[in-house]
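Everything below concerns the one structure shown next.
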Amino acid sequence: MKKTETVQLLAVINAAFPNMQITEAMVDLWHELLGDIDFNLAKAAVKKLLLESPYPPTIADIRRQAMEIATPPEDRIDAAEAWGEVERAIRQYGYYREAEALASMSPRVAKVVKYLGWQEICLSEEPGVVRGQFLKMYTQVAEREQKERLLPAALKEDIKRLSDSMSMKMLEGGKQDDEEQHWLAIQ
């Protein structure tokens, strides 16, 4: 989205909430955090939010709504529907045809099944327990993936760079502490 389109987006919100003050700093921030989203997608997200809520949409609301709109239907399944995929694969492919079973599942479902182990799921004597573990893990994976998709690519890169930098500093700091402890022990 171009900066002029960000201004247009804010104008739409301002039309619904006339008391909202739009500043240059606000435009800059909104453009930085929403600039990676297609203008038409962002505009549709804003309109949907305006219909659903009596409050002005936030950047987080717009990103979340845009992600929902852009998410393909096969990625919108909930944990119970995902477990249904697993049960169908068990019936259709059984214990021995793991590769085919995993290929028949949506990517997120297959990922969680790999975490739990196909054979372990198939051979479990406590299917209710395995189902509960799957549902919980599927929900956690879906939430983590959603949070990742919500972040702009530039912010992801900044976070990774900071994280890598902090990890190195912590490693270097840890070595220094060990050396200091060794030096103190000698004295």
Side-chain angles (χ1 to χ4, degrees), residues 1 32-38 40-42 44-46 48-49 52-53 57-178:
M1 172 177 2
E32 178 183 349
L33 298 178
L34 294 173
D36 63 320
I37 299 175
D38 176 74
N40 291 320
L41 176 60
V46 165
K48 191 168 185 288
L49 288 163
E52 294 174 350
S53 175
T58 64
I59 292 168
D61 294 334
I62 295 167
R63 289 196 73 81
R64 193 174 301 109
Q65 190 64 245
M67 187 198 64
E68 276 185 36
I69 293 169
T71 300
E74 63 271 8
D75 287 345
R76 292 184 196 162
I77 65 172
D78 64 18
E81 292 170 314
W83 180 250
E85 281 188 33
V86 174
E87 288 181 324
R88 276 191 301 282
I90 290 170
R91 284 192 302 276
Q92 189 169 358
Y93 299 104
Y95 174 85
Y96 293 106
R97 296 168 55 196
E98 178 179 354
E100 293 171 82
L102 291 172
S104 74
M105 299 173 195
S106 57
R108 186 181 302 139
V109 174
K111 180 186 220 178
V112 175
V113 166
K114 286 177 190 175
Y115 289 156
L116 290 171
W118 178 249
Q119 286 82 19
E120 287 74 12
I121 292 171
C122 290
L123 295 176
S124 174
E125 293 181 14
E126 299 283 344
V129 172
V130 172
R131 180 180 186 273
Q133 292 171 335
F134 177 89
L135 295 174
K136 184 175 182 180
M137 190 176 292
Y138 183 86
T139 301
Q140 290 172 338
V141 168
E143 287 173 359
R144 186 177 338 123
E145 288 177 0
Q146 180 181 7
K147 285 180 182 178
E148 277 292 313
R149 283 195 310 266
L150 285 173
L151 292 177
L155 184 56
K156 284 182 197 177
E157 291 171 15
D158 289 346
I159 290 170
K160 180 169 177 17
R161 190 172 36 258
L162 286 169
S163 176
D164 292 345
S165 169
M166 296 309 290
S167 294
M168 291 304 295
K169 286 180 181 176
M170 289 176 66
L171 286 174
E172 291 169 2
K175 289 178 186 176
Q176 193 174 27
D177 290 342
D178 290 343

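Starting from 1, each residue takes its place in the sequence as its number. Worth knowing before you read on, the calculation uses all heavy atoms, side chains too, and leaves out hydrogens, waters and symmetry mates.
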Got a sec, which residues hit side chain to side chain contact (heavy atoms under 4.5 Å, CB included) with [X], two or more places apart in sequence or on another chain?
| X | value |
| --- | --- |
| E81 | I77, D78 |
| Q119 | Y95, E98 |
| K136 | Q140 |
| D38 | N40, L41 |

Please tabulate, for side-chain N and O atoms in residues 62-72, each donor-acceptor pair with protein atoms closer than 3.5 Å (sequence neighbours left out).
from	atom 1	to	atom 2	distance (Å)
R63	NE	L150	O	2.3
R63	NH1	L33	O	2.6
R63	NH1	D36	OD1	2.9
R63	NH2	D36	OD2	3.1
R63	NH2	L150	O	3.0
Q65	OE1	K48	NZ	3.2
T71	OG1	M67	O	2.4

Inset, instruction - With sequence neighbours excluded, give me every ring-ring contact (aromatic ring centres under 6.0 Å, His included) pair touching residues 98-134. - result: W83-F134, F134-Y138
I'd like to check the side-chain hydrogen bond (donor to acceptor under 3.5 Å, both in side chains) partners of [X]; sequence neighbours left out, ordered by chain and number.
| X | answer |
| --- | --- |
| K160 | D164 |
| K111 | E145 |
| R91 | none |
| T58 | D61 |

Legend entry - For R149, all residues meeting salt bridge (charged side-chain N to carboxylate O under 4.0 Å, His left out), sequence neighbours excluded: none
For [X] and [Y], which heavy atoms make the closest approach, and how far apart are they?
| X | Y | value |
| --- | --- | --- |
| Y93 | A101 | CD1-CA, 3.5 Å |
| A80 | L135 | N-CD2, 3.9 Å |
| M137 | L116 | CE-CD2, 3.8 Å |
| M105 | V113 | SD-CG2, 3.8 Å |

Legend entry - Main-chain N/O of I121 paired with S124 side-chain donor or acceptor, under 3.5 Å: no
Inset, instruction - Taking atom types as modelled, find out whether S106 and E85 have a side-chain donor-acceptor pair closer than 3.5 angstrom. - result: yes
Legend entry - Rounded distance [0.5 Å steps], CZ in R161 versus CD in E157: 7.0 Å
Legend entry - Pairwise side-chain contact, R97 with Q92, heavy-atom cut-off 4.5 Å (strictly under): no
Inset, instruction - Sequence neighbours left out, what pairs pass salt bridge (Lys or Arg N to Asp or Glu O under 4.0 Å) with at least one residue falling in residues 114-135? - result: none
